[in-house]
Amino acid sequence: MSAVTTPPPEHRLLGFSLSRLNQRRLANFRRNRRGYWSTWIFSVLFLCSLPAEFIANDRPLLVHYEGQFYSPVLFTYPETTFGGDFETEAEYRDPFVRELIEDKGWIVWPPIPYRYDTVNYDLKQPAPSPPDASNWLGTDDQARDVTARLLYGYRISLLFGLLLTAFSTAIGMAAGAVQGYFGGWTDLLFQRFIEIWQGLPILYLLIILASVVEPNFWWFLGLLLMFRWMGLVGVVRAEFLRARNLDFVKAARALGQSDARIMWRHVLPNAMVSALTFMPFVLTGSVGVLTSLDFLGFGLPPGSPSLGELLNQGKRNLQAPWLGFSAFFTLAVMLSLLVFIGEAVRDAFDPRKTFASSGDEA
């Protein structure tokens, strides 16, 4: 009897052992050192940006007052809670409120004591002010902290890009699968529709709709999703056109399996390889289109933390180079990491490298 081999820990993901093919793909991915370390750096930066409210906020993380603990970053407390006179929310940056609290307790502030929309009224120079000990990257032309706006803007850009990439990939793969699998008139009519839809002036439509409806995150995501789903249609369509007449598909039809089951169980895994290699580049384009539209003034609502809006401020305030440089380097690092990850994923799924490494092991 042959002994049962257990995959090593590095070949297990979330408790599931990987197949031999996926083990070789993972090894190829890790062999690309630039893409491998870019994945770690990108993951750390993204995870650090998610709790932005606990890193950059004008509300304290914790307040100890008269023997009781309060968490203003999570809950709203009136000024009367801390011995003030007003029933409205406490203004913790007000020296009077801070003195009330510190007389009978203490305050723990976030590392950056500003939100993305906090106006610093204590500037020693007119806004935009240069970097100093209080504002690490200076302030913009509305006296808001640049570091806080970069942190919140980085999170919004990535969340927007990830959601747009996920939804557009799902819709695009479904459309390409239907076209390629059924072919004939279905494929012909769908292709003509895509050609017409791609010819629509997207920027003009955004300008018109922005003048009618005030855009927000979800409205803007849905509007761009109407046009961004076509990116992977051609790749998935080609894979389904190639695979629909192969022997294993004909055998599945002969066994009476439904078209939906054949597409999902037998053909889609082959198309996923091509789609996965394109997804990091789709994410890069999604982040870029949001930044571009924010730069032009047709993106997120005014006042939202946006890398494109910060770039626009840098263009308008050439005497404050820290605005343009901060946004530029943030975008350059983020997009470079995504491109490096995309190259590593492409190499990992490259059949020439995958089977070459298999031959070396043999």
Side-chain angles (χ1 to χ4, degrees), residues 13-14 16 18-19 21-22 25-26 28-29 35 39 42 158-200 202 218 220-250 252-253 257-290 338-339 341-351 354:
L13 292 178
L14 300 179
F16 298 96
L18 298 177
S19 64
L21 178 61
N22 289 328
R25 288 171 175 169
L26 180 60
N28 285 339
F29 180 83
T39 304
F42 175 80
L158 281 182
L159 289 177
F160 184 90
L162 289 171
L163 289 175
L164 183 59
T165 300
F167 291 144
S168 61
T169 299
I171 297 174
M173 291 187 65
V178 172
Q179 281 186 255
Y181 183 81
F182 293 104
W185 281 101
T186 302
D187 185 27
L188 182 65
L189 294 176
F190 222 125
Q191 280 296 101
R192 301 293 80 78
F193 168 76
I194 290 178
E195 291 172 1
I196 296 173
W197 198 248
Q198 283 180 330
L200 295 177
I202 302 176
W218 297 106
F220 198 53
L221 178 66
L223 183 61
L224 284 179
L225 183 60
M226 294 172 58
F227 300 96
R228 298 288 297 180
W229 60 270
M230 294 174 285
L232 291 176
V233 171
V235 177
V236 178
R237 171 178 171 268
E239 290 291 333
F240 272 77
L241 280 173
R242 181 183 63 84
R244 71 187 188 122
N245 291 321
L246 295 180
D247 292 339
F248 68 90
V249 176
K250 293 180 180 179
R253 287 201 194 100
Q257 294 190 10
S258 63
D259 291 332
R261 183 177 178 84
I262 295 173
M263 293 168 65
W264 178 260
R265 293 289 302 273
H266 303 291
V267 186
L268 184 61
N270 296 323
M272 283 293 295
V273 174
S274 301
L276 285 174
T277 58
F278 276 92
M279 284 185 64
F281 303 103
V282 175
L283 176 57
T284 303
S286 301
V287 173
V289 70
L290 175 64
L338 289 175
V339 170
I341 294 172
E343 291 176 350
V345 173
R346 181 192 60 195
D347 292 343
F349 284 93
D350 188 347
T354 300

Distance from [X] atom [atom1] to [Y] atom [atom2], nearest 0.5 Å?
{"X": "Phe167", "Y": "Arg228", "atom1": "CZ", "atom2": "CZ", "value": "15.0 Å"}
{"X": "Ile194", "Y": "Leu189", "atom1": "CD1", "atom2": "CG", "value": "11.5 Å"}
{"X": "Lys250", "Y": "Asn245", "atom1": "NZ", "atom2": "CG", "value": "5.5 Å"}
{"X": "Arg242", "Y": "Arg237", "atom1": "CZ", "atom2": "CZ", "value": "14.0 Å"}
{"X": "Met173", "Y": "Met263", "atom1": "CE", "atom2": "CE", "value": "10.5 Å"}
{"X": "Ser286", "Y": "Met279", "atom1": "OG", "atom2": "CE", "value": "9.5 Å"}

Does a side-chain heavy-atom distance below 4.5 Å link [X] with [Y]?
{"X": "Thr169", "Y": "Phe278", "answer": "no"}
{"X": "Leu158", "Y": "Phe42", "answer": "yes"}
{"X": "Thr39", "Y": "Phe29", "answer": "yes"}

Minimum heavy-atom separation for [X] and [Y], please, with both atom names.
{"X": "Gln198", "Y": "Met230", "answer": "CG-SD, 3.3 Å"}
{"X": "Ala177", "Y": "Phe240", "answer": "CB-CZ, 3.5 Å"}
{"X": "Val287", "Y": "Gly161", "answer": "CG2-CA, 4.2 Å"}
{"X": "Ala344", "Y": "Gly35", "answer": "CB-CA, 3.7 Å"}
{"X": "Leu283", "Y": "Leu338", "answer": "CD2-CD2, 3.5 Å"}
{"X": "Val249", "Y": "Ile262", "answer": "CG1-CG2, 3.9 Å"}

For this session: Look at the aromatic rings of Trp197 and Phe193 and report parallel, tilted or perpendicular, splitting at 30° and 60°.
Result: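 Parallel, since the angle between the ring planes stays under 30°.
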Exercise. In terms of heavy-atom contacts, does CZ of Arg265 have more than 12 from other residues, nucleotides or ligands at under 6.0 Å?
Worked result: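 Not buried by this count: 12 neighbours or fewer within 6.0 Å.
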